Amino acid sequence: QVQLVESGGGLVQAGGSLRLSCAASGSIFSINAMSWHRQAPGKERELVAAITSGGSTKYADSVKGRFTISRDNAKNTVYLQMNSLEPEDTAVYYCNADLIVGELQRYRNYWGQGTQVTVSS
């Protein structure tokens, strides 16, 4: 069973920092792109940051210069370093990954369960 498990969320004051982690486990043969998305109450889920297998990154305009996505392929883990957090960053953050999984080596997309990030004023 392939899973993505996020961790590192919590409550932080505005201007503070958090580092989210997402570890992929299971029968994984290859990891392609990995990304972070977030969903605030009453809002649609949005892409926050993405990183390709080659390390190319992209960010939502709202987080550019504040968030950094990185990956450790040896650990099957993607990170999101969040600095200068703002109350508007409050949301459930979800990890997403394009994986080659199973003996049939199927190309599949997976979501993590989400981790809550709350930024107080």
Side-chain angles (χ1 to χ4, degrees):
Q1 186 77 29
V2 174
Q3 295 184 61
L4 302 178
V5 180
E6 301 101 331
S7 62
L11 175 64
V12 65
Q13 293 183 346
S17 298
L18 286 172
R19 191 189 194 200
L20 306 183
S21 299
C22 172
S25 64
S27 183
I28 301 170
F29 292 92
S30 181
I31 302 176
N32 197 346
M34 302 186 79
S35 60
W36 287 95
H37 301 242
R38 67 186 181 187
Q39 187 167 22
K43 296 184 178 180
E44 295 294 320
R45 189 173 299 185
E46 64 173 343
L47 175 68
V48 175
I51 185 167
T52 68
S53 60
S56 179
T57 61
K58 65 178 180 180
Y59 299 91
D61 288 342
S62 60
V63 307
K64 287 180 179 178
R66 300 188 298 119
F67 291 9
T68 302
I69 188 170
S70 61
R71 62 193 291 168
D72 186 335
N73 291 330
K75 297 180 179 180
N76 289 341
T77 300
V78 63
Y79 305 95
L80 185 67
Q81 179 66 46
M82 304 185 294
N83 298 326
S84 301
L85 283 162
E86 304 168 351
E88 292 74 20
D89 297 317
T90 295
V92 177
Y93 284 70
Y94 297 90
C95 178
N96 181 270
D98 293 326
L99 309 175
I100 306 298
V101 301
E103 293 185 354
L104 297 179
Q105 298 190 21
R106 299 180 183 273
Y107 187 78
R108 300 284 300 278
N109 182 264
Y110 289 85
W111 288 95
Q113 81 286 353
T115 185
Q116 177 70 48
V117 171
T118 302
V119 184
S120 63
S121 300

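Note that the coordinates shown come from a computational prediction; the quantities given were computed from them, not determined experimentally.
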A.B. asks: Hydrophobic cluster membership, with links at side-chain heavy-atom distances under 4.5 Å among I/L/V/M/F/W/Y: are W36 and V12 in one?
C.D. replies: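 Same cluster.
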
A.B. asks: Roughly how far apart are S35 OG and N109 CG, rounded to 0.5 Å?
C.D. replies: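 If I round to the nearest 0.5 Å, the distance is 7.5 Å.
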
A.B. asks: Would you say R71's side chain and A33's backbone share a donor-acceptor pair under 3.5 angstrom?
C.D. replies: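 No, R71 side chain to A33 backbone: no donor-acceptor pair under 3.5 Å.
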
A.B. asks: Over all heavy atoms of both residues, which pair between S17 and Q81 is shortest? Give the atoms and the distance, please.
C.D. replies: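 Looking at all heavy atoms of both residues, the closest pair is CB-NE2, 4.0 Å.
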
A.B. asks: Between L18 and G8, which heavy-atom pair has the shortest distance, and what is it?
C.D. replies: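 Result for this residue pair: CD2-O, 3.8 Å.
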
A.B. asks: Please confirm whether the backbone N or O of V119 pairs with a side-chain atom of T90, one donor and one acceptor, at under 3.5 Å?
C.D. replies: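 Flag set: sc T90 to bb V119 pair under 3.5 Å.
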
A.B. asks: List the atom of Q116, the atom of V92, and the distance in Å for their closest heavy-atom pair.
C.D. replies: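 Looks like OE1-CG2, 3.2 Å.
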
A.B. asks: Would you kindly confirm whether Y110 and L80 end up in one hydrophobic cluster when ILVMFWY residues are joined by side chain heavy atoms under 4.5 Å apart?
C.D. replies: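 The answer is yes; both residues are in one hydrophobic cluster.
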
A.B. asks: Does I69 share a hydrophobic cluster with V48, counting links as ILVMFWY side-chain heavy atoms below 4.5 Å and allowing steps through other members?
C.D. replies: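 Yes; V48 is reachable from I69 via cluster members.
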
A.B. asks: Hey, what's the ring geometry for F67 with Y93, parallel, tilted or perpendicular (30° and 60° as the breaks)?
C.D. replies: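 Taking Y93 first and then F67, their aromatic rings sit tilted (interplane angle of 30° to 60°).
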
A.B. asks: Measure the CD1-CG distance between I31 and N73 for me, rounded to the nearest 0.5 Å.
C.D. replies: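 With rounding to 0.5 Å, CD1 (I31) is 6.5 Å from CG (N73).
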
A.B. asks: Roughly how far, to the nearest 0.5 Å, is the OG1 atom of T68 from the CZ atom of R19?
C.D. replies: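 OG1 of T68 is found 10.0 Å from CZ of R19.
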
A.B. asks: Under 4.5 Å between side-chain heavy atoms, counting indirect links through other Ile/Leu/Val/Met/Phe/Trp/Tyr residues: same cluster for L20 and I51 or not?
C.D. replies: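 They do share one cluster, since a chain of ILVMFWY contacts under 4.5 Å joins L20 to I51.
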
A.B. asks: Hey, is the main chain of C22 close enough, under 3.5 Å, to the side chain of E6 for a donor-acceptor pair?
C.D. replies: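 Not at all, since once roles are kept as given, no pair shorter than 3.5 Å links the two residues.
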
A.B. asks: Could you pull out the closest heavy-atom pair between C95 and M34, with the gap in Å?
C.D. replies: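 It is SG-CE, 4.4 Å.
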
A.B. asks: Between atom CG of N96 and atom CH2 of W111, what is the distance when rounded to the nearest 0.5 Å?
C.D. replies: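 Atom-to-atom, N96:CG and W111:CH2 are 4.5 Å apart.
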
A.B. asks: Distance check, rounded to the nearest 0.5 Å: Q113 atom CD versus L4 atom CG?
C.D. replies: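 One finds 8.5 Å between CD of Q113 and CG of L4.
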
A.B. asks: Can you tell which of R38, E86, M82 makes a side chain to side chain contact (heavy atoms under 4.5 Å, CB included) with V63?
C.D. replies: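 With V63 as partner, side chain to side chain contact (heavy atoms under 4.5 Å, CB included) holds for just one option, R38.
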
A.B. asks: Mind checking the CD-CD spacing from Q105 to E103? Nearest 0.5 Å is all I need.
C.D. replies: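 The CD atom of E103 is 9.5 Å from CD of Q105, to the nearest 0.5 Å.
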
A.B. asks: Locate the shortest heavy-atom distance separating A24 from I28; write the atom from each residue and the value.
C.D. replies: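 The pair with the smallest heavy-atom distance is CB-CD1, 3.5 Å.
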
A.B. asks: So, for G9 and V117, which heavy atoms are closest and what is the spacing to 0.1 Å?
C.D. replies: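 Shortest heavy-atom contact: CA-CG2, 4.2 Å.
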
